[in-house]
Amino acid sequence: MREPLISVRDLRVQFHTYAGVVNALNGVSFDLYPGEVFGLVGETGCGKSVTGLALLQLIPPPGEIVGGQILYCGQDLRTLPPAQMRSLRGGKIAMVFQDPAAALNPVFTVGEQMEMVIRQHRRVSRRDARRQAAEMLRAVGMPDPLRILNAYPHELSGGMQQRVMIAIALSSGAEVLVADEPTTALDVTIQAQILDLLVSLKKERGIAILLITHNLGVVAETCDRVGVLYAGSVMEMGPTTAIFREMKHPYTQGLLAAIPHAERRGRFLSAIPGSVPSGLQIPPGCPFHPRCAFAWDECRNEIPSLLPVDEGHWVACHLYGRGRR
Amino acid sequence: MNALLQARQLTKHFSLGGGWWHRRLTVRALEWVDLDIYPGETLGVVGESGCGKTTLGRCLIRLIEPTFGEVFFRGENLLKLDRATLRQRRREFQMVFQNPYLSLDPRMNVLDLVEEPLRAHTDLRGRALADRVTELLERVGLAREHLYRYPHEFSGGQLQRIAIARALALNPVFVVLDEPTSALDVSVQAQILNLLKELQVELGLTYLFISHDLSVVQYISDRIAVMYLGRIVELGTAEQIFSNARHPYTQALLSSTPLPDPQARRSRIILPGDVPSPLNPPPGCSFHPRCFQALPVCATDEPRLIDVGDNHFVACHRVR
Amino acid sequence: MIPFGQAVGEWARERQPLWAEYGLMLRAFRRDWLALVSLSIIIAFIFFAAFAPWLTPYPEQGRGVPNIAERFQPPSRLHPLGTDDLGRDLWARICFGGRTSLSIGFLVVVIAVLIGTPLGAIAGFFGGWVDEVIMRLTDIFLAFPSLLLAIAIAAALGPSFTNAMVAIALTWWPWYTRLVRAQTLSLRERTFIEAARGIGVKEGTIIFRHILPNVMTPVLVQATMDIGSAILTGAAMSFIGLGVQPPTADWGQMVSVGRVYFINAPWFVTFPGLAIFLVSLAFNLLGDSIRDIADPRTRRAVR
């Protein structure tokens with residue numbers, strides 16, 4: 001059995017606002033193995049981005065992690081001293097954001113920024129750092145690395161900027177890449193390029209990628225395993241084919257049935273009624289029960305736990321509870 | 001069948017910069033677009049950022065002034081109308097915007113928002129006005145108790161329902177839907193797409209549905225126009241585009257759109273490079289630098305949109 | 001049709017009515033002790049001014065009747081803040097002076113907002129030559145130092161309470177025109193304005209229904225801060241004799257007379273000066289707090 005690189009156990013995050021306490025994550029658990037793409041999907045406010053930020057201990061105030069563990073190489077990142085966490089973040093664990101333009105510093109050239117990152121994590125000369133930077137740019141499929149090194153971020157297109165972000169992550173020797181909606185701001189043809197790149201990084205370098213996205217198509221095409229989040233809880237988790245072919249949870253089923261595509265022309269889509277609950281007032285019991293067609297009393301009162309239904313396929317739903325499958 | 005709306009040689013150039021030191025730059029957002037929209041149909045417009053799809057939607061209903069060309073709505077040239085007449089005509093064509101958080105005035109409640117078009121164009125006031133607003137709200141799935149609430153109290157899906165109620169208040173015949181579901185979650189997107197379909201059947205509406213998402217456009221449209229750098233590169237029925245795409249760009253777009261099916265591994269066409277800037281489009285066919293089937297002629301001559309049979313139009317030198 | 005259950009699901013969604021949003025504002029305000037102190041000071045001075053005749057045993061002195069027998073009395077039980085050069089009780093004079101000073105502050109700002117806001121909205125919304133004319137006009141007004149211009153106008157109109165007020169307001173409106181124009185320029189590009197045009201709403205209606213309500217928050221903040229400055233300018237005008245004429249009480253005029261006797265009767269200049277200082281500071285701080293509270297982002301954060 002492979003050892004997970006990162007294990008998240010019962011992670012809980014809250015935000016304190018004047019309007020009340022927002023429960024962003026209510027006990028999220030999953031493992032991330034080396035050389036896999038694990039997808040976290042969900043709708044607005046389900047906590048997928050918060051999960052990514054929590055991995056890097058970057059939850060912005062007024063939010064805080066109130067419970068659970070994030071184990072990396074046996075260490076709990078929550079108890080790690082800030083200095084060690086800093087060197088880990090951007091080192092072994094790197095992050096790619098939705099908006100690369102905001103993540104790159106506009107007043108430094110791409111080369112200068114990459115050198116800084118490389119020299120922060122390794123003792124090398126500037127010249128060596130620059131050579132490594134050029135290599136990384138080539139590795140992420142940049143046609144003309146030397147020109148890119150001397151360019152300022154605004155001179156690059158969105159797709160190129162995202163490649164630079166990934167190159168920066170690689171140059172620090174990352175083992176884990178947290179990619180938060182990395183292609184949402186990009187055009188479809190550019191998205192295809194970036195997704196291709198992520199899959200090749202996984203295959204060739206054995207990097208573990210946590211891909212956070214709302215796009216089920218992206219998940220289906222790139223991820224090995226998927227976790228479906230809803231209102232801060234994992235509803236279903238399993239291999240991608242199992243999730244898309246033998247989905248068990250009514251939410252996953254509803255989500256997949258709601259996707260428009262050519263074959264559904266002329267028919268109405270089966271929409272999930274209602275909308276996502278706010279983190280301020282998560283329904284008691286199963287958070288999905290007010291929108292669920294199968295809900296009964298148990299769903300309204302008792303939070304279902306994540307139980308296995310098949311090899312590596314877990315579901316949190318009373319329909320598949322003890323003795324019912 | 002007579003077209004409801006006809007665009008001829010529709011062109012829009014935006015000027016940027018200028019002044020004493022800087023050269024004036026011209027963004028060629030829309031170049032020489034010919035388009036017919038027939039009553040009762042949904043014409044989908046799909047393309048990537050900067051392809052001019054949003055500009056097309058706005059030029060068709062004269063929300064921005066085209067640089068050149070003509071738009072005939074029921075045979076009347078909209079671009080020749082004076083301001084007062086245009087304002088009266090606006091009750092017949094409406095628009096729904098991408099982001100309902102931005103397209104609804106945050107300081108107006110639902111009643112103010114939905115009665116705004118009615119106040120502008122009709123003599124309805126008082127009780128009759130409130131009754132019509134309630135009727136509209138109920139039609140889009142909201143209720144009387146929402147009348148006095150403000151936009152920030154609603155979810156994105158509900159806001160888009162309010163925006164649709166506003167657009168339908170005056171019984172228009174033509175509605176431009178500019179990415180109406182792009183800001184929404186999948187489950188809510190399905191609700192809104194269903195609502196739009198119901199309303200179309202019920203009220204005999206004609207839609208121009210603009211989106212960057214090929215799956216959505218394929219689902220909702222009768223005919224589809226594919227745009228690239230301000231031009232229509234392919235135009236045909238949804239079936240023609242989906243199963244018999246002729247333009248290399250359409251083929252690439254189809255194969256780049258991720259499908260929610262992990263076993264549908266296709267031979268993906270991954271286009272090299274980026275979409276060129278509409279500030280400086282390549283000569284000849286604007287797609288040729290990224291095209292995997294380019295011929296020498298593509299770099300010099302601009303292909304014309306020609307009928308390849310059954311009203312399926314393609315602008316490509318490969319297709320004759 | 002939309003399934004009934006679907007509609008019900010949406011109602012069931014947690015929502016925040018408008019009063020809750022105002023409640024949130026109020027709660028944020030209550031936590032802001034500086035804003036509370038400022039507001040208390042302002043309310044206190046308005047109270048002193050409004051009920052002046054009942055708050056002092058010498059209302060006739062407050063109105064200006066001299067009492068030569070008790071000139072330059074230091075603060076005592078009978079005269080808690082002392083008396084002035086004509087023997088009038090300073091507490092009474094400050095309470096009555098508040099009536100003129102505060103009215104100048106409020107009225108100047110109200111007139112300036114009423115002139116400046118519509119002009120700014122029109123300039124920003126229509127652009128072109130309309131904008132050009134209005135903005136050049138504001139440039140002309142702003143080219144002169146405002147106090148000098150106010151003095152010139154007041155001198156031309158003749159010294160009086162009303163003329164001083166009009167003179168100050170005339171130097172003040174261009175600031176609101178500029179503020180509102182800048183806001184309008186960015187609002188004009190917002191989608192909801194485009195949406196209103198698309199519906200076929202008349203331009204005048206767009207200005208009234210969409211532009212003006214959306215610029216009111218920054219105008220309110222600016223106006224609150226300006227009341228303090230307007231009181232100061234009013235005091236300056238009275239100080240040089242172009243404002244309120246004796247025997248009517250006014251803080252600026254009291255400072256003007258009192259400074260002559262600073263060595264022998266320091267209380268005479270100090271107390272009216274303190275009143276001006278406190279009120280204008282309070283309005284400034286209050287304006288700052290309103291700005292923070294009006295912004296939903298700074299309002300929501302708890303720490």
Side-chain angles (χ1 to χ4, degrees), chain B residues 58 61-64 83-84 86-91 93-109 112-113 116-121 138-143 145-146 148-155 157-158 161 163 166-167 169-170 176 178 188 191 194-195 198 202, chain C residues 1-25 126-127 183-184 186-220 294-297 299-300:
Chain B
R58 282 171 165 73
I61 58 170
R62 208 174 153 191
L63 259 184
I64 48 179
R83 289 211 319 204
L86 178 67
R87 195 164 57 228
Q88 282 168 16
R89 291 292 182 280
R90 287 204 181 280
R91 60 185 303 169
F93 38 88
Q94 293 286 322
M95 182 150 177
V96 175
F97 295 84
Q98 170 172 4
N99 191 336
Y101 294 95
L102 301 179
S103 69
L104 300 175
D105 189 333
R107 297 197 179 251
M108 283 191 169
N109 63 28
D112 293 337
L113 286 166
E116 187 172 37
L118 296 165
R119 278 185 181 276
H121 288 281
E138 280 167 0
R139 183 61 204 84
V140 298
L142 297 169
E145 75 230 41
H146 292 97
Y148 299 101
R149 299 224 171 108
Y150 285 79
H152 71 266
E153 301 171 51
F154 292 95
S155 67
Q158 290 175 311
R161 289 174 195 267
R166 252 161 80 87
L170 297 164
V176 174
D178 185 8
V188 180
Q191 296 170 6
N194 286 345
L195 175 65
E198 285 167 22
E202 210 175 286
Chain C
M1 275 308 292
I2 299 139
F4 179 67
Q6 170 178 331
V8 170
E10 289 205 346
W11 313 155
R13 181 179 167 271
E14 181 275 330
R15 64 185 72 260
Q16 289 188 345
L18 190 69
W19 55 262
E21 194 69 13
Y22 284 134
L24 220 60
M25 276 192 192
F126 290 104
Q183 296 282 331
T184 308
S186 72
L187 276 175
R188 195 173 68 169
E189 305 301 321
R190 298 269 292 272
T191 317
F192 66 81
I193 302 290
E194 196 186 5
R197 282 183 201 272
I199 277 172
V201 181
K202 291 196 182 106
E203 281 160 333
T205 316
I206 293 182
I207 293 184
F208 264 98
R209 304 274 295 162
H210 296 283
I211 303 277
L212 289 182
N214 277 289
V215 297
M216 278 335 283
T217 306
V219 166
L220 186 71
D295 183 344
R297 282 162 307 181
R299 180 195 323 151
R300 273 171 212 288

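Computed from a predicted structure; not experimentally measured.
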Handout entry: Among R166(B), Q98(B), R89(B), residue most engaged with chain C (heavy-atom pairs, under 4.5 Å)
Key = R166(B)
Handout entry: I61(B), part contacting chain C, at a heavy-atom distance under 4.5 Å
Key = neither
Practice task
Name the region of R62(B), side chain, backbone, both or neither, that has any atom closer than 4.5 Å to a heavy atom of chain C.
Solution key: neither
Completion exercise
The reported gap from NE2 in H210(C) to CD in E116(B) (rounded to nearest 0.5 angstrom) is 3.5 Å
Fill in the blank from the handout: Rounding to 0.5 Å, atoms CD1 (I211(C)) and CG (D105(B)) come to a distance of 9.0 Å
Practice task
List for me each residue that meets ring pair (Phe, Tyr, Trp, His ring centres under 6.0 Å) alongside F97(B), sequence neighbours excluded, and say none if there are none.
Solution key: none
Practice task
Measure the shortest side-chain to side-chain distance between R107(B) and M216(C) over non-hydrogen atoms and say whether it is less than 4.5 angstrom.
Solution key: no
Practice task
May I ask you to name which of A120(B), P117(B), A84(B), A169(B) has the most heavy-atom pairs under 4.5 Å with chain C?
Solution key: P117(B)
Fill in the blank from the handout: Checked V176(B), N194(B), N109(B), L104(B) vs chain C; the most non-hydrogen pairs under 4.5 Å come from L104(B)
For residues 195-205 of chain C, tabulate all N or O donor-acceptor pairs below 3.5 Å that involve a side-chain atom, not counting sequence neighbours.
unit_1, atom_1, unit_2, atom_2, d
E203(C), OE1, R83(B), NH2, 3.1

